[in-house]
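Any value given below was found using the heavy atoms of this structure, including those in side chains, with hydrogens, waters and symmetry copies removed.
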Amino acid sequence: MFRLCAIGLVLLAGWMVYLDAVVTSRFEGRRFEVPSRVYARPLELFDGASVSASALERELSLSGFRKGGGEKAGSYQRSGNRFVISTRGFSFPDGDEPRRRISLSVSGDRVQGFSVIQGESAPIVRLEPAQIGGIYPAHKEDRVLVQLDEVPALLPTTLMAVEDRNFYDHFGIAPLSIGRAMLANIQAGRIVQGGSTLTQQLVKNFFLTREQTLVRKANEALMSVLLELHYEKNDILETYLNEVYLGQAGTRSIHGFGLASQFYFGESLKDLDVHQIALLVGMVKGPSYYNPRRHPERATERRNLVISEMEEAGLIEPGRAARARGLPLGVSERPSYSENRYPAYIDLVRRHLARDYKEEDLRSEGLRIFTTLNPAIQYAAEYAVTETLPRLAGGQSSEALEATLVVTAKDSGEVLALVGGRDPQFAGFNRALDANRPIGSLIKPFIYLSALQEPERYTLSTPVLDKSFTLEFDDGKRWQPKNYDGEERGEVPLHKALSRSYNLPAVRVGLDIGVDVVRETLTAFGVDTPISRYPSMLLGSVSMSPVTVAQIYQGLATSGFNTPLRTIREVTDAGGEALSRYSLEVEQVADPAAVHLVQYAMQETMQEGTGRSAYYTVPQELTLAGKTGTTDDGRDSWFAGFSGDLLAVAWVGRDDNGPTSLTGASGALPVWSRFMAQVPQHGFSPVVPDGVNYHWVNSERQALTDEYCDNARLLPYIAGSEPTQTISCSGNLERRIRGWFEGLFQ
């Protein structure tokens, strides 16, 4: 017997050594894996800020603001187009934004009457940015870490009053409490009372499983004692506050009071009232059973019971307790922290982050990632896709058609919105990034740009031959390009060939300057994948993703400067220390003068060419530049274009590469136009570069002419390349006189 006891003690001692190592290793090291948080760009409010009333309200909702009196932090009041907003304050990478109460009105799409009515005065106030997603640990736990001194004092005292009244007096286990619980359970014939201390609950959640076995309970008790031997009570309590499970949001589990406060109330933990603290503490017993969104009656009953215990323990006065019991739960309608609201955009963010950060760090270090996503632009982009796509299907199944839309800031290359498919919420195949499709006529601006960089050979009025021809290769194969409409027009000026998207002139010019030169131009503008050397690439057989198309068109929009697309402005660690800052980068890759000529032809495309139907939807006064693209049998419908503020690329087609009845003008352009029509912006008005002069010409005859002559057109030329021949229209007296009078009244 003695030997058996001795052997048992030795085994127990060995087991205790093992458990001690388990306990200390976890507590000495990093205790929690904290997900990275991804934020949209902050909305700046000031007099003249561009935002509609509906967009402002949507953004407030996305950021977790609650509609109400606009007096409590994180709430707002709307009366017509007038808003009163109480901001929460936020720690941005470049400094803290304090809490303020502001007032403003929205007239049209502009903020008016902006003023700070409470808090530090400022001409511009940044709202807390909406959290648009997270990069979670593999076990999908989410939490916002809090320190004990940041927690309202009523929370830990209430927690102890309800869960463990002798927390500061026991050594991890409370035998008397266990005995009382056993007696109560025996009397009730079921489990009605638990005897676990907070330390035991923490050990169970932190180190063990939830299985109800004697071995697990024994380990729980031993580890609780060990934990108390090594660490201070407050250290254990703080870890408990961050560890406790308090709900579920899809696949993401909500841990700790810090995140639960935001998840259920949209408020910081430090701002909670008595009734809110009572509800959270009450939910520790059963987060699913007492879920206030699904079971409000149960949750109310439990909350009121906790309030009574707070009163009984002397934590609150009877009058305060009565008022708290009379309040509604006050839970926000939906969680303010949703899981990756914009999956396609977050996908692009993660790929950009992968250049500088390990996936493991993104999942566990609690990084804060400040992106360029503009929620109002994203909303308009999603609306344009989901509303337009069903109308494009015609006689075919609407389910077969897919679409993407990429929107960037024209000058900075910041990606403002990204839609990866007909269902923007779908987190699967991201067509904006991974659907590499032939770009069709979207390649033509780059062919003509390559040519126009040789002004001694090509200008916008250079005649190009719109006539069929046949190429015969060394292997005997023949290639005969054709126009989309099958017609041939003889000689046409270059600007017209581009704006009308004729195929034959584009191929002829491309072959004349060389396929390799066009390939070099595309590479300079941002194509980083192999490009075919076959002449068919001049008709857009080269495949690109919509994001790559946006990248190369960014260079056209910014007058020949390659501006890498950005989704991230800054990354900080969990404490707000800056880790990476992603600034604007530009590299001049083309002659701005030649690009200006291409921009002219792309504006002509919108006014007279294949893009003119955009003005059925977009206001006529909004000056735009763009280009259509279509591949064989309508398998790919493209449109890329820009205004003074935004660049957008739309694609419509089928995942199975099947034919459609669509062209660039009838498929992608309506999606693009619907988007552009919704967003307040300025027209495209390029600055004329040095070395470019405008001349009145008759482009059909490649000659200078007078302003009021028939067929007169004001065309830009790189200095020295303008026509030398002049033709007169002196006989057209009536037109000249009319022009003179029109000039008087301008």
Q: Between R508 and D466 (salt bridge meaning N to carboxylate O under 4.0 Å), is one present in this structure?
A: no

Q: Would you confirm whether the ring centroid of Y379 sits within less than 6.0 angstrom of the ring centroid of F675?
A: no

Q: Flag the pair I377 / L646 as yes when at least one side-chain heavy-atom distance between them is below 4.5 Å, and no otherwise.
A: yes

Q: Under 4.0 Å between a side-chain nitrogen and a carboxylate oxygen: does that hold for E585 and R566?
A: no

Q: Could you pull out the closest heavy-atom pair between T371 and A40, with the gap in Å?
A: OG1-CA, 3.7 Å

Q: State the CG-OG1 distance between D710 and T705, to the nearest 0.5 angstrom.
A: 9.0 Å

Q: Is there a side chain to side chain contact (heavy atoms under 4.5 Å, CB included) between I447 and L538? Walk through the geometry before answering.
A: CA-CA 7 Å; I447 297 173; L538 298 170; 3.9 Å; yes

Q: Nearest 0.5 Å, please: how far is CZ in F639 from OG1 in T610?
A: 7.0 Å

Q: Check step by step if side chain to side chain donor-acceptor pair (under 3.5 Å) holds for S461 and H495.
A: CA-CA 6 Å; S461 58; H495 68 89; over 6 Å; no

Q: Which atom pair, heavy atoms only, marks the closest approach of Y600 to L714?
A: OH-O, 3.1 Å

Q: Tell me whether the centres of the aromatic rings in F642 and F684 are closer together than 6.0 Å.
A: yes

Q: Whether E707 and R713 form a salt bridge (side-chain N of Lys/Arg under 4.0 Å from carboxylate O of Asp/Glu) is what I want to check.
A: no

Q: With R569 as the cation and Y582 as the aromatic partner, state whether NZ or CZ is under 6.0 Å from the six-membered ring centre and within 45° of the axis.
A: no

Q: Is it true that the side chains of T372 and E414 contain a donor and an acceptor less than 3.5 Å apart?
A: no

Q: What is the distance from atom OH of Y553 to atom OG1 of T558, rounded to the nearest 0.5 Å?
A: 13.5 Å

Q: So, K444 versus S441: side-chain donor-acceptor pair below 3.5 Å or not?
A: yes

Q: Around Y534, counting heavy atoms of other residues, nucleotides and ligands shown, do more than 12 lie under 6.0 Å from its OH?
A: no

Q: Heavy-atom distance under 4.5 Å between the side chains of Y383 and T388, does that happen here?
A: no

Q: Any donor-acceptor pair under 3.5 Å linking the side-chain atoms of Q554 with those of N562?
A: no

Q: Are Y448 and I513 close enough that some pair of their side-chain heavy atoms sits under 4.5 Å apart?
A: no

Q: Whether the side chain of W672 engages the backbone of A648 through a donor-acceptor N/O pair (distance < 3.5 Å, no angle test) should be reported.
A: yes

Q: Quick check for you: to the nearest 0.5 Å, what is the distance between L624 atom CG and M676 atom CE?
A: 5.5 Å

Q: Do D636 and T631 pair up side chain to side chain, a donor and an acceptor below 3.5 Å, judged on atom types alone?
A: yes

Q: Side chain to side chain contact (heavy atoms under 4.5 Å, CB included), that's the test. Do S501 and K627 meet it? Break it down for me.
A: CA-CA 8 Å; S501 200; K627 185 70 192 77; 2.8 Å; yes

Q: In the structure I gave you, are the side-chain heavy atoms of I443 and L522 within less than 4.5 Å of one another anywhere?
A: yes

Q: Tell me yes or no: between the side chains of D706 and W696, is some donor less than 3.5 Å from an acceptor?
A: no

Q: Does a side-chain N-to-carboxylate-O contact under 4.0 Å join E402 and R431?
A: yes

Q: Is R351 salt-bridged to D434, cutoff N-O under 4.0 Å?
A: yes

Q: Are R110 and S50 packed together at the side-chain level, in the sense that at least one heavy-atom pair is separated by less than 4.5 angstrom?
A: yes

Q: Passes side chain to side chain donor-acceptor pair (under 3.5 Å), R701 versus N711? Steps please.
A: CA-CA 10 Å; R701 299 173 62 180; N711 298 322; over 6 Å; no

Q: Ignoring hydrogens and geometry, is there a side-chain-to-backbone donor-acceptor pair from Y345 to V415 under 3.5 Å?
A: yes

Q: Should E472 and Q480 be marked as a side chain to side chain contact (heavy atoms under 4.5 Å, CB included) after you check the CA-CA gap, both sets of side-chain angles, and the distance that decides it?
A: CA-CA 9 Å; E472 186 166 336; Q480 187 173 34; over 6 Å; no

Q: Start with the C-alpha distance between V652 and W638, add both sets of side-chain angles, then the distance that settles side chain to side chain contact (heavy atoms under 4.5 Å, CB included), and finish with yes or no.
A: CA-CA 7 Å; V652 175; W638 291 92; over 6 Å; no

Q: Show your working on side chain to side chain donor-acceptor pair (under 3.5 Å) between T521 and S450 and close with a plain yes or no.
A: CA-CA 7 Å; T521 300; S450 303; 2.8 Å; yes

Q: Would you call R350 and D347 a salt bridge, taking side-chain N to carboxylate O under 4.0 Å as the test?
A: no

Q: Calculate, to the nearest 0.5 Å, the distance between atoms CG and OG belonging to L452 and S721 respectively.
A: 9.0 Å

Q: Taking it one step at a time, do E382 and Q378 satisfy side chain to side chain donor-acceptor pair (under 3.5 Å)?
A: CA-CA 6 Å; E382 292 181 1; Q378 178 71 28; 2.9 Å; yes

Q: Under the 3.5 angstrom rule, does the side chain of N436 hit a backbone N or O of S543 as a donor-acceptor pair?
A: no

Q: Got a sec, which residues hit salt bridge (charged side-chain N to carboxylate O under 4.0 Å, His left out) with E59, two or more places apart in sequence or on another chain?
A: R41

Q: When rounded to the nearest 0.5 angstrom, what is the spacing between OG1 in T459 and OH in Y717?
A: 5.0 Å

Q: Check this for me, if you would: do K410 and D645 make a salt bridge, where the nitrogen-to-carboxylate-oxygen distance has to be below 4.0 angstrom?
A: no

